[in-house]
Amino acid sequence: MSQNLLAQSHLFTRATYDFTLTKDQRQEVTHERAKAIALSFNLTVEDILTCSEKFWNATLHPINVIDGAAAALWTIHVNLACGTLTQYAGSRPEIRELCRQILAFEMTAHYMLTEVGHGLDSQNIETTAELLPDGNFEIHTPNRRAAKFMPASIIAGGVPRIAVLMAQLIVRGQRCGIRPFVVPLNDGKIMHPGVSCRVLPDRSGTRPIGHAITTFTRVKIPATAFIGDLDSTLPPRIQFLASIWRLGVGSATMAALCIPALRVCAHIATQYAKRRTVSDSQGNVVPIITFRTTQVPILRALSEAAVTEALYKEIRPYFSAEDTSDLPNVLAIRNALAGVMKTITVYHFRESSISLTDRLGAQGLFSENQLVALEMEIRGMTIAEGDVTVLCIRLASELLLGRYSLPAPRYPDSLLAQHEKAIFAEMRELLAGMNNKHRSEEFNRLLLPRSKAFIVTIGQRMAYEAAVDARVDPVLVSLYEASAIIQDLSWYVESGKVRRKDALAAEDVALTAAFAKLDEFLEQADCGPCVHAPVISQESWEKYVSNLTLLERPSDRRIAPQPMLESARL
Ligand SMILES: Cc1cc2nc3c(=O)[nH]c(=O)nc-3n(C[C@H](O)[C@H](O)[C@H](O)COP(=O)(O)OP(=O)(O)OC[C@H]3O[C@@H](n4cnc5c(N)ncnc54)[C@H](O)[C@@H]3O)c2cc1C
């Protein structure tokens with residue numbers, strides 16, 4: 001079934017009423033949706049291993065933003081868990097069979113790296129996997145700080161649950177680095193012996209995934225549960241990065257969810273703004289879409305979605321390349337590109353979604369209207385699979401130190417490329433003044449706080465270039481460029497590149513041109529089948545209201561219902 005048809009099925013249209021269900025019912029329904037979305041893409045082991053276009057573009061579909069928990073579940077299941085296994089599926093039949101079961105959703109698969117005491121310093125995790133004399137392994141949580149944090153170890157979905165778990169491999173008393181293992185969590189009815197979890201509350205304003213704190217007490221797993229090569233001679237840091245390589249893929253693919261999220265928010269805000277009217281001082285009735293303050297966030301969101309989609313598609317070959325002869329460099333560039341992708345999309349989504357939600361007035365604050373719920377889901381995604389702040393700190397530091405570099409600008413004369421070059425030079429100069437000491441207090445004070453803005457600058461340039469080369473509608477590209485300039489206007493003015501009034505006028509011209517094509521852009525985005533927010537039409541609003549709990553005196557029940565007014569609110 002196509003994703004648009006699936007989005008119109010009861011499983012997805014009922015999302016508007018999820019908040020009337022119990023937590024257990026919501027977890028079941030989310031599990032069903034995760035399974036339905038993943039199966040609809042019909043992904044193979046090869047698709048996942050090579051990051052094929054089918055795999056890569058799956059998160060761009062707006063069906064993913066109906067239920068953010070379902071999107072998180074299926075991407076963890078397919079990318080992090082199955083993805084880690086795919087590398088060995090060709091050489092180990094039992095792993096190929098496990099991948100088949102995962103892709104058929106005969107079990108659900110999770111990914112356990114983070115520990116209560118080790119989040120962003122995950123290279124220090126303490127969970128152990130000790131090689132036993134018989135060749136099997138024993139998984140153990142040595143203390144409370146080593147309990148696995150966040151993965152959904154709960155019993156749900158009626159199928160067995162496993163995890164790809166990262167643990168310190170111990171061979172004959174020696175630590176041999178962090179390596180992946182397949183561990184059973186439960187059989188769909190009862191927890192596996194030695195595995196226990198404490199169920200965490202729901203993240204504020206989101207649909208429940210079943211986050212938990214999980215501990216392992218001397219859990220025996222077979223030798224085949226080890227994913228990798230016991231005799232690996234890779235240096236510990238490279239071994240660690242190689243073990244968690246799917247996190248880089250996850251940073252990029254999860255970040256891509258911001259693209260349909262921007263489009264869905266723009267779609268809902270436009271529909272509301274077209275039907276919501278106000279009277280002006282002359283008594284003329286005008287829809288709120290006529291106000292520039294309503295148009296700006298909608299049009300900016302559509303331009304941001306278009307150019308970041310071009311960037312996302314452009315970086316895919318770096319993740320699908322099978323040549324790993326220079327593994328440290330391959331991993332570094334992949335993680336760097338994923339960091340840029342995540343930073344720029346999250347930056348745009350968080351800026352735009354707040355304005356778009358506000359433009360819905362009180363209606364924007366109800367989860368049923370999708371926008372505020374998406375904001376909360378994307379907040380979680382900002383932290384999971386690489387916290388944006390720390391991704392930016394690491395990436396900016398490594399670029400400034402010259403450890404590697406990103407693809408050079410293709411249009412070095414563009415204003416965005418000149419901006420990036422100047423910001424880089426400014427930060428390099430500061431670093432040189434610190435004798436290149438990146439672990440100094442000065443670096444902490446003066447450069448770390450500028451890391452995110454620096455990576456955003458790189459992301460804006462790269463997205464702009466990708467959009468030009470992908471022939472994205474020039475109206476959207478011009479708007480993106482004009483808006484990006486305004487976001488750091490002081491630099492452009494200070495360096496004599498533009499005059500303030502010209503930059504503002506350029507954005508006005510770009511907005512006017514984009515507004516003339518708004519309906520065309522929304523039609524191309526094709527979010528309609530995936531939007532179930534009651535506010536988008538009078539009909540859906542009235543249907544929604546008629547399902548709300550009604551309190552009235554029994555004697556009033558004979559009074560005919562009043563027609564629902566346009567101005568009625570949730
Ligand atoms: C929705 C969601 C789903 C998740 N799912 C999974 C999952 O399936 N599997 C899994 O293993 N984990 C999962 N996680 C956990 C996630 O990977 C961690 O939350 C993440 O790595 C951050 O760790 P932490 O929360 O412990 O933050 P901390 O490590 O406590 O960091 C908090 C803040 O401290 C600061 N900080 C930390 N280190 C540095 C540094 N070096 N330099 C400067 N500042 C620093 C930053 O400002 C950072 O934002 C999930 C998290 C979320 C939110």
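Residue numbers start at 1 and run along the sequence shown. Everything numeric here is computed off the predicted structure, so don't read it as measured data. All ligand and atom numbering here is 1-based and tracks the order in the structure.
For ligand 1 and Gly119, the ligand atoms under 4.0 Å from any heavy atom of the residue are 21 (O), 23 (O), 24 (P), 26 (O), 29 (O). Applying the 4.0 Å criterion to heavy atoms of Arg203 picks out, from ligand 1, the atoms 1 (C). Close approach of ligand 1 to Tyr111 is summarised as follows: ligand atoms under 4.0 Å from at least one heavy atom of the residue are 7 (C), 8 (O), 9 (N), 10 (C), 11 (O). Against a heavy-atom cut-off of under 4.0 Å, Leu113 is close to the following atoms of ligand 1: 10 (C), 11 (O). Shown in contact with Asp387 at under 4.0 Å from a heavy atom are these atoms of ligand 1, numbered in order with element: 49 (O).
Nearest-heavy-atom check against atom 6 (C) of ligand 1 across Glu385, Met150, Met254 picks out Met150. For atom 36 (N) of ligand 1, the choice among Ile244, Val390, Leu391 with the nearest heavy atom turns out to be Val390.
For His77, the ring pair (Phe, Tyr, Trp, His ring centres under 6.0 Å) partners are Phe105, not counting sequence neighbours. Partners of Arg96 by salt bridge (Lys or Arg N to Asp or Glu O under 4.0 Å), not counting sequence neighbours, listed by chain and number: Glu46.
The closest approach between a heavy atom of Met166 and any atom of ligand 1 is not below 4.0 Å. Ligand 1 lies less than 4.0 angstrom from a heavy atom belonging to His211.
Closest to atom 31 (O) of ligand 1 among all protein heavy atoms lies Leu120 CD1, 3.3 Å. At the top of the distance list for atom 47 (O) of ligand 1, counting protein heavy atoms only, stands Thr389 CG2, 4.2 Å. The nearest heavy-atom contact from the protein to atom 12 (N) of ligand 1 is Thr114 OG1, 2.7 Å. The shortest contact between atom 25 (O) of ligand 1 and any protein heavy atom is with Ile383 CG2, 4.4 Å. For atom 53 (C) of ligand 1, the closest non-hydrogen atom on the protein side is Gly380 O, 3.6 Å.
In this structure the side chain of Gln168 reaches within 4.5 angstrom of the side chain of Ile178, judged on heavy atoms. In this structure, the side chains of Phe216 and Leu165 come closer than 4.5 Å at one or more pairs of heavy atoms. In this structure, the side chains of Val219 and Phe137 stay at 4.5 Å or more apart for every pair of heavy atoms.
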- [ ] Could you check Arg379 against Ile383 for side-chain contact (heavy atoms from CB on, under 4.5 Å), going step by step and ending with a plain yes or no?
- [x] CA-CA 7 Å; Arg379 281 191 82 119; Ile383 298 164; over 6 Å; no
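Residue contacts with ligand 1 for Ile393 involve side-chain atoms from C-beta outward but no N, CA, C or O (heavy atoms, distance under 4.0 Å).
Here the closest non-hydrogen pair linking Gly117 and Asp121 is O-OD1, 4.1 Å.
The only option from Lys23, Gln27, His211 that meets the side-chain hydrogen bond (donor to acceptor under 3.5 Å, both in side chains) definition with Asp202 turns out to be Lys23.
Using bins of under 30°, 30° to 60° and over 60° for the plane-to-plane angle, the ring pair Phe319/Trp56 lands in the tilted bin.
Cation-pi geometry between Arg92 and Phe226 is not met: the NZ or CZ atom fails to fall both under 6.0 Å from the ring centre and inside 45° of the normal.
Protein heavy atoms are found less than 4.0 angstrom from atom 29 (O) of ligand 1.
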